[in-house]
Novice: 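Handing you this structure, nothing more for now.
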Amino acid sequence: LLLLRGHEAARTGAAMRPVSLEPFWAALPFAPTSAQRRAAGELLGDLTKKTPMNRLLQGDVGSGKTAVAAALVYSAAKNGLQSAMMAPTEVLAEQHYRTFQKFFQNTDFSVVFLTGSMRAAEKRAAKEKLQSGEAVLAVGTHALIQEDVDFRRLGLCITDEQHRFGVAQRANLTDKGDNPHILVMSATPIPRTLGLILYGDLNVSVLDEL
């Protein structure tokens with residue numbers, strides 16, 4: 001586990017300055033739970049460090065993990081950095097895409113969607129927005145890790161239900177940035193001892209409210 005944590009010695013190319021989340025929380029159509037505020041605070045503390053964040057956000061379905069992830073995307077965008085969110089299936093990726101669009105509908109933040117089944121013209125348009133920096137967030141499937149997908153300045157990588165991705169797939173996503181921050185999300189309850197074995201290289205934040 002200590003060897004796995006060795007990555008923390010690396011310096012991130014995406015160190016961020018603190019950003020107030022109050023405008024983001026105020027724009028949501030609901031009030032965040034105290035667990036969401038607490039978890040977001042822990043995550044934002046990681047983003048301002050010189051070493052890359054490597055954290056697991058664990059919470060039941062309905063606990064609001066996506067809103068916490070969106071708060072981080074908001075913070076990264078305010079720092080001039082892009083984010084990527086990878087989901088294991090097209091259905092889940094599209095669900096996240098629609099949710100993020102709602103969260104950012106009253107902002108000038110552009111969100112793009114990228115999956116393997118999209119038409120060539122749609123893929124090309126999404127890739128161009130990422131390369132130019134016009135899009136602050138890409139939501140998609142394994143299509144995000146293809147060689148021709150380039151980000152202008154990727155600072156945050158998020159994976160959902162990360163146990164369904166291989167180590168190499170997650171590494172291919174983070175390699176598109178300069179030691180970007182990493183957030184993995186899971187709705188699968190994990191006993192602490194098992195969590196230490198499976199996620200020994202991760203810090204853990206738990207959403208314990210619905």
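Predicted, not measured: the structure shown is a model, and the values here were computed from it. Values below: all heavy atoms of this structure, side chains included; hydrogens, waters and symmetry mates excluded. In this chain, numbering begins with 1 at the start of the sequence shown.
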Novice: So do the side chains of Leu72 and Leu183 get within less than 4.5 Å of each other, counting heavy atoms only?
Specialist: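 They are in side-chain contact.
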Novice: Any idea which heavy atoms bring Pro18 and Thr48 closest together, and the distance?
Specialist: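 For Pro18 and Thr48, the tightest heavy-atom pair comes out as N-CG2, 3.9 Å.
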Novice: Return yes if a side-chain donor-acceptor contact under 3.5 Å exists between Arg152 and Ser132, otherwise no.
Specialist: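 Note: Arg152 and Ser132 side chains miss the donor-acceptor criterion.
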Novice: Going by the rule side-chain hydrogen bond (donor to acceptor under 3.5 Å, both in side chains), which residues pair with Glu209 if we only count those two or more places apart in sequence or in a different chain?
Specialist: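 For Glu209, the residues satisfying side-chain hydrogen bond (donor to acceptor under 3.5 Å, both in side chains) (neighbours in sequence not counted) are Ser34.
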Novice: Which residues pass the side-chain hydrogen bond (donor to acceptor under 3.5 Å, both in side chains) test with Lys127, not counting sequence neighbours?
Specialist: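 Scan of Lys127 (side-chain hydrogen bond (donor to acceptor under 3.5 Å, both in side chains), adjacent residues dropped) gives Asp148.
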Novice: With a 4.5 Å limit on heavy-atom distance, are the side chains of Pro23 and Tyr74 in contact?
Specialist: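 A side-chain contact exists here, since the closest heavy-atom pair is under 4.5 Å.
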Novice: Quick check for you: to the nearest 0.5 Å, what is the distance between Asn203 atom CG and Leu43 atom CG?
Specialist: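 Going from CG on Asn203 over to CG on Leu43, the span is 9.5 Å.
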Novice: Hydrophobic clustering (ILVMFWY, side-chain heavy atoms < 4.5 Å, transitive) - are Val112 and Val91 grouped together?
Specialist: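 Each belongs to a different hydrophobic cluster.
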Novice: The criterion is side-chain hydrogen bond (donor to acceptor under 3.5 Å, both in side chains); which residues satisfy it with Glu94, sequence neighbours excluded?
Specialist: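 Applying side-chain hydrogen bond (donor to acceptor under 3.5 Å, both in side chains) to Glu94 gives Arg98.
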Novice: By side-chain contact (heavy atoms from CB on, under 4.5 Å), which residues pair with Arg124, not counting sequence neighbours?
Specialist: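 Result, side-chain contact (heavy atoms from CB on, under 4.5 Å) vs Arg124: Ala121, Glu128.
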Novice: Taking C-beta and beyond as the side chain, do Met86 and Ile158 meet within less than 4.5 Å on heavy atoms?
Specialist: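 No, too far: nothing below the 4.5 Å cut-off.
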Novice: Among all residues two or more places apart in sequence or in another chain, which pass the side-chain contact (heavy atoms from CB on, under 4.5 Å) test with Thr115?
Specialist: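 Thr115 satisfies side-chain contact (heavy atoms from CB on, under 4.5 Å) with Glu90, Phe113, Ser117, Met118, Thr141 only.
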Novice: Within this structure, what is the CE-CG distance for the pair Met85 and Leu144, rounded to the nearest 0.5 Å?
Specialist: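 Result: 10.5 Å between the selected atoms.
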Novice: Nearest heavy-atom pair of Ser75 and Leu47: which atoms, and what distance?
Specialist: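 Taking every non-hydrogen atom into account, OG-CD1, 4.4 Å.
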Novice: For residues Cys157 and Pro180, report the shortest heavy-atom separation together with the two atoms involved.
Specialist: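 Reported closest heavy-atom pair: SG-CG, 3.8 Å.
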Novice: So do Leu44 and Val19 actually touch side chain to side chain, heavy atoms under 4.5 Å?
Specialist: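 Not in contact.
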Novice: Can you sort out the partners of Ala187 under side-chain contact (heavy atoms from CB on, under 4.5 Å), two or more places apart, ordered by chain and number?
Specialist: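 Once residues adjacent in sequence are excluded, the partners of Ala187 under the side-chain contact (heavy atoms from CB on, under 4.5 Å) criterion are Val61, Lys65, Glu161.
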Novice: Filter on side chain to side chain donor-acceptor pair (under 3.5 Å), then keep only pairs touching residues 12-29, sequence neighbours left out; what's left?
Specialist: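 Residue pairs with at least one partner in residues 12-29: Arg17-Asn79, Glu22-Arg37.
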Novice: Counting only N and O atoms by type, is there a donor-acceptor contact under 3.5 Å from the side chain of Gln82 to the main-chain atoms of Leu137?
Specialist: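 No, the answer is negative, given that no donor and acceptor are paired below the 3.5 Å cut-off.
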Novice: Would you say Glu42 and Ser205 are linked by a side-chain donor-acceptor pair, where the criterion is simply a distance under 3.5 Å?
Specialist: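 There is such a pair (donor and acceptor under 3.5 Å, judged by atom type) between the side chains of Ser205 and Glu42.
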Novice: Can you tell me if Gln169 uses its side chain to pair, donor with acceptor, with the backbone of His142 under 3.5 Å?
Specialist: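 Absent.
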Novice: Go through the structure and list residues passing salt bridge (charged side-chain N to carboxylate O under 4.0 Å, His left out) with Arg38, not counting sequence neighbours.
Specialist: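 Result, salt bridge (charged side-chain N to carboxylate O under 4.0 Å, His left out) vs Arg38: Asp208.
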Novice: Do the non-hydrogen side-chain atoms of Val68 and Met185 ever get within less than 4.5 Å of each other?
Specialist: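 No, every pair of side-chain atoms sits at 4.5 Å or beyond.
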Novice: Where is the tightest heavy-atom contact between Ala71 and Leu21, given as atom of each residue plus distance?
Specialist: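 The pair with the smallest heavy-atom distance is O-CD2, 3.6 Å.
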Novice: Evaluate the side-chain proximity of Lys78 to Phe109: yes if any heavy-atom separation is below 4.5 Å, no if none is.
Specialist: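 Yes - at least one pair of side-chain heavy atoms lies under 4.5 Å apart.
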Novice: A side-chain contact here means heavy atoms from C-beta on lying under 4.5 Å apart; do Val149 and Leu130 qualify?
Specialist: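 Yes, their side chains come closer than 4.5 Å.
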Novice: Distance from Asp160 atom CG to Ser186 atom OG, nearest 0.5 Å?
Specialist: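 It comes to 8.0 Å.
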Novice: Give, for atom OG of Ser110 and atom CZ of Phe104, the distance between the pair rounded to the nearest 0.5 Å.
Specialist: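 Spacing of OG (Ser110) from CZ (Phe104) equals 11.0 Å.
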Novice: Does a side-chain heavy-atom distance below 4.5 Å link Leu156 with Leu81?
Specialist: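 A side-chain contact is absent here, since even the closest heavy-atom pair is not under 4.5 Å.
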Novice: Stepwise, does the side-chain contact (heavy atoms from CB on, under 4.5 Å) test hold for Ile182 with Met53?
Specialist: CA-CA 6 Å; Ile182 300 168; Met53 174 179 77; 6.0 Å; no
Novice: Atom CG of Asp46 and atom OG1 of Thr51: how far apart are they, to the nearest 0.5 Å?
Specialist: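 If we round to the nearest 0.5 Å, Asp46:CG and Thr51:OG1 are 8.0 Å apart.
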Novice: Going by side-chain contact (heavy atoms from CB on, under 4.5 Å), name the residues that satisfy it together with Thr66, two or more places apart in sequence or in a different chain.
Specialist: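 Result, side-chain contact (heavy atoms from CB on, under 4.5 Å) vs Thr66: His96, Thr99, Phe100, Phe103.
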Novice: Residues two or more places apart in sequence or in another chain: which of them pass salt bridge (charged side-chain N to carboxylate O under 4.0 Å, His left out) with Lys102?
Specialist: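 Counting only residues at least two positions away or on another chain, Lys102 forms no salt bridge (charged side-chain N to carboxylate O under 4.0 Å, His left out).
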Novice: Scan for side chain to side chain donor-acceptor pair (under 3.5 Å) pairs involving residues 176-185, sequence neighbours excluded, and state none if there are none.
Specialist: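 The answer is none; no pair qualifies.
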Novice: How far does CG of Asn54 sit from OG1 of Thr174, to the nearest 0.5 angstrom?
Specialist: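 Asn54 atom CG to Thr174 atom OG1 measures 9.0 Å (nearest 0.5 Å).
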Novice: Which heavy atom of Ala39 sits nearest to which heavy atom of Leu57, and what is that distance?
Specialist: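 Minimum heavy-atom separation between Ala39 and Leu57: CB-CD1, 4.0 Å.
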Novice: Which residues pass the ring-ring contact (aromatic ring centres under 6.0 Å, His included) test with Phe151, not counting sequence neighbours?
Specialist: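 Partners of Phe151 by the ring-ring contact (aromatic ring centres under 6.0 Å, His included) criterion come out as none, since no residue qualifies.
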Novice: Which atom names give the shortest non-hydrogen contact between Ser83 and Ala76, and what distance separates them?
Specialist: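 Where Ser83 meets Ala76 most closely, the heavy atoms are OG-CB, 3.7 Å.
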